[in-house]
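Values below: every heavy atom of this structure, side chains too, minus hydrogens, waters and symmetry copies. Residue numbers start from 1 in every chain, and the chains themselves are labelled A, B, ... in the order their sequence lines are given, proteins ahead of strands. These numbers come from a predicted model, not from an experiment.
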Number of protein chains: 2
Amino acid sequence: MSKQLPLVEQSLCCSPLMRQPLSEDQSAELARVFKALGDPVRLRLLSLIASHAGGEACVCDLTDAFDLTGPTISHHLKVLREAGIIDGERRGTWVYYRVLPTTLQMLSTVLMAPGSVTT
Amino acid sequence: MSKQLPLVEQSLCCSPLMRQPLSEDQSAELARVFKALGDPVRLRLLSLIASHAGGEACVCDLTDAFDLTGPTISHHLKVLREAGIIDGERRGTWVYYRVLPTTLQMLSTVLMAPGSVTT
């Protein structure tokens with residue numbers, strides 16, 4: 001199972017970054033997720049998984065897109081998983097990864113300009 | 001002036017991360033901005049600037065919130081500025097910073113779940 005983000009999800013679900021100053025705890029939790037997205041390989045992995053048929057992909061589906069070793073790709077997948085951005089499920093030989101849309105939607109809401117919030 | 005993000009803004013303005021695989025160029029540009037957000041001090045600075053009276057703040061308004069030196073805070077502000085997240089304008093003794101909402105809105109759109117896109 002992926003690591004959950006209870007603090008961020010509870011406190012920032014519908015409150016954009018720009019509405020009020022973040023606490024130290026809130027900023028630490030959020031920074032961890034943004035840091036996981038702050039790498040080109042991880043962003044490409046994320047978009048490949050999300051746009052793959054059925055919304056899930058295994059390492060076997062992903063390696064051809066990169067000039068990287070399997071262990072390196074697995075490391076990046078682990079970072080995304082630990083940040084709560086993707087989740088993985090083992091079926092037979094492979095772990096199948098899918099995006100956790102709740103986390104991405106939470107980040108999207110946090111970044112919204114104040115005027116564009118609908119909740 | 002802040003560094004612009006023409007590639008990301010043109011190519012990803014209304015196209016979420018999850019709709020199609022990112023190219024190497026797109027992911028490199030986008031990762032640079034997420035990396036700038038991947039630090040708790042920078043996230044707190046950003047929220048302090050955005051929520052400050054008038055939507056802008058100088059270093060003199062920000063230092064009290066941190067147990068950090070002025071040069072360290074200035075370094076973090078520079079990273080945010082170079083990523084196109086904030087801009088600064090010198091008026092008299094101080095540089096006044098404000099958030100660039102276009103960049104945050106672009107990131108927010110990129111992270112949206114496919115079903116929530118309205119464009």
Test applied, side-chain contact (heavy atoms from CB on, under 4.5 Å); reference residue, A:Ser108; option that passes from B:Val110, B:Thr109, B:Leu111:
B:Leu111
Please report the shortest heavy-atom distance between A:Ala31 and B:Pro40, naming the atom on each side.
CB-N, 3.4 Å
Part of residues 61-76 of chain A lying next to chain B, heavy-atom separation under 4.5 Å
none
Under a 3.5 Å distance rule, please check whether A:Ser27 uses its side chain to pair with a backbone N or O of B:Arg44 as donor and acceptor.
no
Could you name each residue pair satisfying disulfide (SG to SG under 2.5 Å) that touches residues 59-102 of chain A, not counting sequence neighbours?
A:Cys58-A:Cys60
Contact list (residues 48-56 of chain A to chain B, heavy-atom gap under 4.5 Å, by number) returns A:Leu48, A:Ala50, A:Ser51
What's the separation between atom CG in B:Leu107 and atom CE in A:Met112, rounded to the nearest 0.5 Å?
12.5 Å
Answer key: most heavy-atom pairs under 4.5 Å with chain B among A:Asp39, A:Leu37, A:Val99 is A:Leu37
Give the cluster check for B:Val79 versus A:Val33: same hydrophobic cluster or not, with ILVMFWY residues linked at side-chain heavy-atom distances below 4.5 Å.
no
Using side chain to side chain donor-acceptor pair (under 3.5 Å) as the criterion, list what pairs up with B:Glu24, not counting sequence neighbours.
none
